[in-house]
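Each remark here refers to the structure printed beneath this line.
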Amino acid sequence: MKILGISAHYHDSAAALVCDGVPVCAVQEERLSRRKNDAVFPIGAIEWCLDHAGIGPDDLDAVVFYERSMLKFERILISTLRTFPHSWRSFPNAMRNSLGEKVWVRGIISSYLGIPRRKILFTTHHQSHAAAAFLTAPTRRAAILTADGVGEWATLTVGHGDRRVDGGTSITLLRELRFPHSLGMLYSTFTAYLGFSVNEGEYKVMGLAAYGRPTQVDRVRKLIRRTPDGAFALNMDYFEYHSSAKRSYSSRFVELFGPPRTAYEPIDLATAEGQRFADCAASVQRVLEDTLVDITRALHQETGLPDLCFGGGVALNGVANARILAESGFERIFVPPAPGDAGCALGAALYADRVYFGQPDRNVPDHPFWGPAVVSQDLLRAATEDGQTVEELDDARLIERTAAELFADGVVGWMDGACEFGPRALGHRSILAAPHSVKMRDRLNRDIKYREEFRPFAPVTPIETADRYFELPPGGVRLGRFMSGVFRVRPEWREQLAAITHVDGTARVQVLDRDMAPRLSALLEAYGRHSGIPVLLHTSFNVAGEPIVCSALEGYSTFRRCGIDMLIAAPVVVTKRGPSKVRSLKEEALA
Ligand SMILES: [Fe+2]
């Protein structure tokens with residue numbers, strides 16, 4: 001059975017193809033269109049998935065859209081009318097956005113793909129999140145939590161999943177919390193208040209939080225109160241996202257927390273104002289964590305299960321995930337590599353396969369590499385024509401050459417196989433560097449990633465040595481597989497791992513299983529032989545404002561435009577000629 005899953009129209013649209021119960025491929029539209037968080041109907045991603053599998057639309061048994069667009073339309077209509085006349089300004093906007101293709105999805109899919117309407121199915125938004133988390137995890141029974149900004153009405157669900165011995169699958173969502181009460185919207189409101197862009201800047205709030213103290217927790221708690229049934233409710237007097245398209249926080253919010261930051265105003269942590277924003281970030285982060293810990297603790301008691309599958313955009317908060325692991329009672333937490341809405345394309349397809357069609361249970365390969373593969377010969381051609389130093393090396397020499405470059409403080413662009421599905425680079429489209437000095441962190445922020453200095457970089461290290469450098473609790477290895485947890489760097493290593501140690505002594509470490517990315521694993525070993533420490537700094541291969549590179553040519557173009565010294569797509573190695581690196585200048589002078 002061939003099932004195509006689609007997510008679109010909010011942000012970061014994607015397509016995924018499941019054949020005979022197993023994913024074949026999945027990709028976000030942004031990786032192909034090169035528009036970050038592209039939310040259009042993902043025709044590029046759909047075409048690539050079909051081409052990759054060598055099939056046409058007629059071969060599909062079903063196309064599944066990741067949410068019920070009519071319900072979403074109803075939510076927008078009702079919440080706009082509820083706040084009428086206050087909301088009258090946002091009404092035409094909301095209607096225009098929803099009345100277009102968002103509502104008439106069935107017709108759009110049918111006409112784009114030329115398939116009969118009866119083949120087009122829908123899951124609910126949180127069923128898709130739940131399936132993306134549970135059906136991709138190597139567990140047979142687990143509690144399920146989903147939390148995001150909003151889907152149709154639901155913003156958070158709890159339930160459980162069961163892959164039964166008879167081959168059947170059930171995903172039961174027991175309870176849901178509804179819009180406008182939303183943990184994702186609470187966090188996004190602070191993201192906007194702190195001057196970052198919503199749906200993208202949430203990472204920045206989490207990074208900034210480490211610089212602050214949670215001095216404003218009592219104020220944040222005025223915005224969110226626990227309800228007797230174990231859920232929470234937001235005090236909507238402080239918010240406007242349910243009634244306005246312009247601003248998500250209200251004047252009362254500003255009275256409580258002070259003037260918001262504008263996006264153009266740099267955050268200077270040496271000033272009282274900069275510290276106020278950091279404290280604000282720390283406070284909302286603390287309240288988010290506390291709320292999730294309470295909910296998951298209750299869910300653990302209710303289900304009695306050792307495993308939790310956690311999906312939805314809120315599951316990208318690695319600091320909160322580590323606290324859930326430490327405090328909820330769950331032994332293992334599975335966060336998929338694409339917990340956000342893009343991942344819903346895969347979740348929707350898997351949900352339809354197992355639940356709608358009752359297809360037999362299958363294990364889903366436990367990795368994120370479902371996108372287009374890099375073609376090394378494209379890199380060879382482009383770099384040769386451009387007059388760069390290009391070599392083709394066998395794997396052993398390539399690994400050794402790259403390790404030596406990293407040890408000499410070179411920055412390496414690393415492309416290997418299929419690109420990752422989800423927002424994080426996990427070893428196939430990565431920028432790598434030595435993790436030892438803050439100078440390297442600052443150089444990467446300044447010359448390569450062009451981003452704020454408070455943003456931390458993450459490390460990658462093999463599973464075998466992770467515990468030596470990081471304080472990994474039981475279950476930490478699993479959270480670290482897809483960089484879903486933030487853990488403490490052991491104090492005795494912080495000085496030698498200064499480029500990846502955040503200001504509060506933590507790091508969002510990727511704990512690498514050799515089977516998942518063998519070439520990167522070999523590189524870490526080789527780097528360990530040079531430096532004595534098999535840890536590398538590891539960040540996504542893109543510059544600020546651009547999607548992660550997908551093809552060899554995009555990697556090459558990025559390499560040419562920023563301070564990366566060496567570019568790899570095995571067996572091809574490109575070494576930059578030019579002024580970006582002091583050492584190569586010296587070498588050229590000697591030659
Ligand atoms: Fe979502």
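Every heavy atom of this structure was used, including side-chain atoms; hydrogens, water molecules and symmetry mates were not. Both counts, for ligands and for their atoms, begin at 1 and track the order of listing.
Around the Fe ion (ligand 1), protein N, O or S atoms at a distance under 2.8 Å total 4; waters are neither shown nor counted.
The side-chain tip of R261 points at the ring of F196 from less than 6.0 angstrom away and within 45° of straight on.
Evaluation of the salt bridge (Lys or Arg N to Asp or Glu O under 4.0 Å) rule for E67 yields K72 as partners, not counting sequence neighbours. Take F239 and apply the ring-ring contact (aromatic ring centres under 6.0 Å, His included) test, not counting sequence neighbours, and it matches Y241.
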Distance-only check: which donor-acceptor pairs under 3.5 Å involve side-chain atoms of residues 305-313, not counting sequence neighbours?
unit_1: D307; atom_1: OD1; unit_2: R332; atom_2: NE; d: 3.0
unit_1: D307; atom_1: OD2; unit_2: T139; atom_2: OG1; d: 2.8
unit_1: D307; atom_1: OD2; unit_2: R332; atom_2: NH2; d: 2.7

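Under the 4.0 Å criterion applied to side-chain N and carboxylate O atoms, R175 and E302 are assigned as salt-bridge partners.
Within the 4.5 Å cutoff, the side chain of F482 has no heavy atoms near those of the R424 side chain.
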